[in-house]
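Following: one structure in structure tokens, then a few remarks.
Along the sequence shown, residues carry numbers from 1.
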Amino acid sequence: MKEVLPKELDTHSQQGEITGDVLPFARSYQLEALDKAIRENTIVYLETGSGKTLIAIMLLRSYAHHLRKPSPFIAVFLVPQVVLVSQQAEVVKMHTDLKVGTYWGDMGVDYWDGATWKQETEKHEVLVMTPVILLNCLRHSFFKLNMIKVLIMDECHHARGKHPYACIMTEFYHHQLKCGISDLPRIFGMTASPIKSKVGSSDSSWSENVRKLMTLMHSKVYTCSEAVITEFMPTSTPIFKFYRDSGIQFVLFEELESKLKMLKEQHELTLQSSDFTKSVAESAQKRITKIFCALMFCLDELGVWLALKAGEFLSSNEFDSFSWGHSGDKVVKNFILAVVHTLKSYFQCDPQWSIGDNVDSDVEMGLLTSKVFCLIDSLLEYRTLIDMRCIIFVERIITAVVLQDLLNTLLPKYSSWKIKFIAGHNFGLQNQSRRKQNEIVEEFRMGLVNIIVATSILEEGLDVQSCNLVIRFDPSPTVCSFIQSRGRARMRNSDYILIVKSGDSVTRSRLEKYLASADIMRKESLHHSSLPCDPFEGEEYDKESYRVASTGAIANLSSSISLIYLYCSRLPADGYFKPTPRWDRETNTLYLPKSCPLQPIRVEGEKKLLKNIACLEACKQLHKIGALTDYLVPDIFIEEAEMEEFGNEPYDENQPAYVPFGLVNCVSNSTHTTYHCYLMELSQNFSYDISVQDIFLATRIELDPEIGCTQFDMGFDRGSLSVKLIYKGTIDLSPDLVLLCKKFQVTLLRILIDNSMNNLAMGLDKCCLEGGVEIDYLLLPAIGKGEKSLVDWLTIIAVNPSNIMCEYHPLRTKSGIVCTCRLQDALVFTSHGDRIHFYITTGTTELDGNSPMKLRDGGVTTYKKYYKQKHHVQLRYEDQKLIKARHKFPVKNYIHGYKQGREGEASKAFVELPPELCSIVMSPIKDSIIYTFSFIPSIMHRLESLLGAFNLKKMHLDHCAQNEIPTIKVLEAITATSCKEAFHYESLETLGDSFLKYAVSQQLFSTYQNIHEGLLSIKRKKIISNAALCKLGCRSGLPGFIQNEPFDPHTWTVPGDKSKGFKLKELVSGGKKIYVMGERKLNRKIIADVVEALIGAFLSSGGEKAALLFMDWVGIKVSFNKISYERQFDIQPEKQVHVSHLESQLKYSFNDRTLLVEALTHGSYMLPEIPRCYQRLEFLGDSVLDYLITWHLYNKYPGMSPGQLTDMRSASVNNDCYAWCAINHGLHKHVLHASQELHKHIAVTLVNFDKLSSSSTFGYGSETSLPKVLGDIIESLAGAILVDSGYNMEVVWQSIKPLLEPLVTPETLKLHPVRELNELCQKRSYNIIQEDVSRKDGVTRFKMEVEADGVIHQHEYIGSALQGTAKKIVCKEILNSLKKVRGPL
């Protein structure tokens, strides 16, 4: 590369001048640094607390016009620790108006895709993050380097080796620089020490380290003299404190070491002799060793008292890393308790004694070491200091913990100082949250805490109040650590104490060198900044890479291993196996998990890079087969992102309600209108004093024979009512007659439904032959039966009673003087105050207003007095004969199929009315006609529903003419449970769901033969999820046909009535006119359920072909074309499994016996000769068994309720049930696996197997968590047989059914305890007041409390069962408790 002058660092020469945007309170050296940073890449090397971040802020302000949206450019602010992300982001927000985004690993950014990052860069102008996030984004090409205008690296001294800072520069910045690309970000680094590592004694080593950083960062160092800094901030005085390392008494140490070693060996032996799995035992042993080493360190470095405190801390309840349960954790805790007991034996029993009463004596006895004494002595020298702020830096976390204990015990004797400790976020001993750390720092700032004992986390990271004392209890390991810890002492006259062992000349010399390092590094930095940057020479890791041309994503030797681990982490796993790559050093071969389609990869080359080379080759192959996308992320990331985006798509719950187009027409303006007449023959299957009469239904359009000849039953108060339609031909009506008929039906139905006259006048006024589209059909009373049935025009004319004149037997009514005969059969109303009552009259009585009237309380009065006292009405014509009448009949929902309670006997329904209070509405009209019309809303609702179902069927038949299905099946499929009718879609939905799952599963299995089960499951979910099915249902126009609300006669639209202002909206869907009347709310699940129910309807009526045709119409493209299953399986099955025995048990002989081996191979069985495990076959078998069992139950028990089918399916299709069957037939013996956990779980299950009969509980009664693997192999065997038999499901059923027997029946069905308790609580309004669950280190705790009628029933489970089983056990016990108290439930 051509050597250029210092201007080489100006990568923004083409963008025009950048003007410095300075802050008014900036110091002179900060302005100098900003000027330099604007002109060239810069590393600002200034002491801690000198305001480096402020320079970065001013640089961002200077570039702000390049960053403000809608600019595509961003600035990235990198910080090495998560705790710094929010801290630095807040500073940027405070001093700029730029939009700031914050990012760290726990946010799940590792699994974000390019689209998500695009959204972030479009929203934000400054992105604050940890460097590994940016590195991954660049490698995956989610970010391009040229998008970044400014790249700020906080604590940039970390840029060395394979640190993400270094990788960003080597893999991207220098790569593009070498390619001649000038559009690179401005680099701005910040550090308190450009050297991180230990350095040699010569100046050349300092010089070399500074130059390496500058070359890697492609930047010049800006710094200034100590004198300039001192003008603005004080520096601390270094003080050496020496202690003589007498240690604790050698004899005492040797004695304690021997005792602790013996305890360690005893407890390790306990682990080996106990029935622990290998992984549990190894984990516990590692913890014992770690704790032993920590205690021995404390014993040697700190003394016996602090070793005891360490032991007590580890065994305390606050020690949250372990859950002391039934696993190896108990052995670990017993070890710690034994150690504590041993150490306590070396202390005085005097309760008055306390550590520090006599420090010299404590040191002499070995309770404290001379190093600890030196610390105490150093602190006490400052006891008179007002407003003490001190940090004590230690190397180990356990040291910080126990020194806090010691100082809080000892120092109150001399001062009021408060002491706390801060250690790393996840340091393995105690999980101190970042929030807790920030709280301690804030207390320190406010003076509530005076001394913090801290690890290196306070060297850089948390923004800590300036101190007047910093003590290095343990010497700084690096010059950077030294400078950063010293930088915390920034108060005026502050001290920096270095505790060093007397005679340790090496450490003293190193620390003295560190003291002089600032001047040396400043001198070297200034020297190198005057020279051009050296060309960067990449390492071996950077030379070989794989780049995707379409996106620019890159994998190299440095990133290949982590990328392969990322890929494997997203492969299917279970509780016994976590898929990871396996590297064989002997053969230089990379083995990937069996769910990965790649063959083992063997490589040659430089030994130290072999694993990297093999992983890079695996990345290439995975990309070529599509397992890694063009962004080099696992394909499952994209599928999951699409799935999440799909599920988050907006959905409007307000969906149209269709009106059947057979009942809709334009108002006719011609001289006559033709109607098609259907006689509704009504048969009452009960005895009553009134009989129903037939009704004519007259429609403008001839109905399809399936609807025009339909018949159905409805539940009724006293029995059932049968409805049968018979086509009677056509009738021509003049406009006047049409208007008369509409007026008749509107008047009668509105009165029956509303029991009011308020809307009647408006409805009649508008009941005219207006133009436009309306619900247009007539309901006309009939006289005669069968072939002799005619329209009862006399009754229809009764809607105009004022037109009927008579001169004989006059009666005075509110309607005027009328003949007595007009009240023989009439519909009248009375009004008393605001209330209106409707009655059906049957003639006059011999009573008048002065006749005696019996009251309900047994008293007697006259009718005249009664009306006066009760209704404040004075009868004027008290001599007139009273009219005998009965209340009008109520209109109810009669379509639910249930018998309703009686409303009272007919004899009690009659009343006597004074004629003068009556207004005649219709006359003459028989009570039987009015009685019959009270059923009309329910009858017509059923017909409208059938017509809607028929219209939906017709829409489908227009595309698939051969796919015939009974309309009643369609109606069942579109009727939700919430309608509370005699039928609903639950059974069909259960059936359709199982078939859909199978059809899609076999299609995906055959089509994608190289992708793993996890990806297959996501692809299936994308097709069959509620969101997907809802979307397809909406596209097909299904929502408008769905019935999801109980029928309410009061909201039913009376044909011809326009009083409520209903207007139909005309739509065109699938080439058909559709009429919409209003909207109702439909959630996604209902629409999805209806799609599945319709699949079930076509399946049950026309078989699989019919179901597939409907699925195709709705948009689910699935075929049952047979595709051969190709895979590489070069094995001899007989050497892996007992083929003949298994075939005998399965009653099936395999054509390809390798399928049997695959079906029995667990993912943990990593032997290379079997390249696949059972997961793909399990995916297929799960769906086929679900479908076969559901189909079997649906057909064998056709009379059962929909809820029963769902319950029986749940009882039959579950992993516990399958697992019991596997054990019952000995299939657990043939599973190929290498998991000790699985082996133990199977052994425990076998012990409990004889205690419980699976035939009576179907797995529900098990009080241990059954191994899921055993259930999986039943499914994988079903999948293997299905594939081997050419997808012959009958063969699968005949083979697997005997394994599952006895199958559940309605008689043997038992509800799952969890569901039984939930339903009981809902039914009886019991309250589940507590439900706590936790699981740690193999121990589950589940507690539940249920309040039933004021009594608390509770149970707690603690054991090894998984959460689902634990909950089942707890629910079962609470149910038993309820039964004891309350009897059978």
Do [X] and [Y] make a side-chain contact, defined as non-hydrogen atoms from C-beta onward lying under 4.5 Å apart?
X	Y	answer
Val828	Ile883	no
Met680	Val692	no
Cys709	Leu725	no
Ser720	Tyr894	no
Leu733	Leu778	yes
Pro1055	Met940	no
Asp1057	Leu749	no
Thr844	Leu811	yes

In chain order, what residues pass the ring pair (Phe, Tyr, Trp, His ring centres under 6.0 Å) check against [X], with sequence neighbours excluded?
X	value
Phe889	Tyr931
His941	Phe1047
Tyr877	none
Tyr678	Tyr727

What are the two closest heavy atoms between [X] and [Y], and how far apart are they?
X	Y	value
Thr841	Leu823	OG1-O, 2.8 Å
Pro937	Ile753	CG-CD1, 4.1 Å
Ile817	Pro810	CG2-CB, 3.4 Å
Lys814	Ser919	CB-OG, 3.3 Å

Distance-only, no hydrogens or angles: does the [X] side chain make a donor-acceptor pair with backbone N or O of [Y] under 3.5 Å?
X	Y	result
His1050	Asp754	no
Lys1081	Glu653	no
Thr845	Leu882	yes
Asp848	Ser851	yes
Gln1043	Cys979	no
Ser1100	Ala1097	yes
Glu681	Ile726	no
Ser691	Ser928	no
Thr813	Ser815	yes
Ser789	Ala782	no

Give, for atom [atom1] of [X] and atom [atom2] of [Y], the distance between the pair rounded to the nearest 0.5 Å.
X	Y	atom1	atom2	result
Asp694	Lys785	CG	NZ	3.5 Å
Thr967	Leu946	OG1	CG	7.0 Å
Arg1080	Asn654	CZ	CG	10.5 Å

Can Arg886 and Asp689 be counted as an ion pair, charged N to O under 4.0 angstrom? yes
One thing to verify: whether Arg942 and Glu981 come together as a salt bridge, which I'm taking to mean a side-chain N less than 4.0 angstrom from a carboxylate O. yes
Does any pair with a residue in residues 943-955 pass salt bridge (Lys or Arg N to Asp or Glu O under 4.0 Å), and if so which ones, sequence neighbours excluded? Glu706-Lys953, Lys953-Glu964, Lys954-Asp958
What is the ring orientation for Phe744 with Phe933, classed by angle as parallel under 30°, tilted 30 to 60°, or perpendicular over 60°? perpendicular
Parallel, tilted or perpendicular: which one describes the rings of Tyr658 and Phe1041, with boundaries at 30° and 60°? perpendicular
Answer yes or no: does atom CZ of Arg812 have more than 12 heavy-atom neighbours from other residues, nucleotides or ligands under 6.0 Å? no
Within 6.0 angstrom of Glu787 CD, more than 12 heavy atoms from elsewhere: no
Tell me which one of Val799, Val1054, Ile925, Leu779 satisfies side-chain contact (heavy atoms from CB on, under 4.5 Å) with Leu748. Ile925
Single hit among Ile1074, Ile775, Thr1053 for side-chain contact (heavy atoms from CB on, under 4.5 Å) with Val659: Ile775
Could you tell me if [Y] and [X] have a donor-acceptor pair between their side chains, going purely by distance under 3.5 Å?
X	Y	answer
Ser978	Asn1044	no
Tyr675	Asp776	yes
Gln693	Thr932	no
Thr842	Asp927	no

Side chain to side chain contact (heavy atoms under 4.5 Å, CB included) involving His872 - partner list, sequence neighbours excluded: none
Close aromatic pair by centroid cut-off 6.0 Å: His887 and Phe838: no
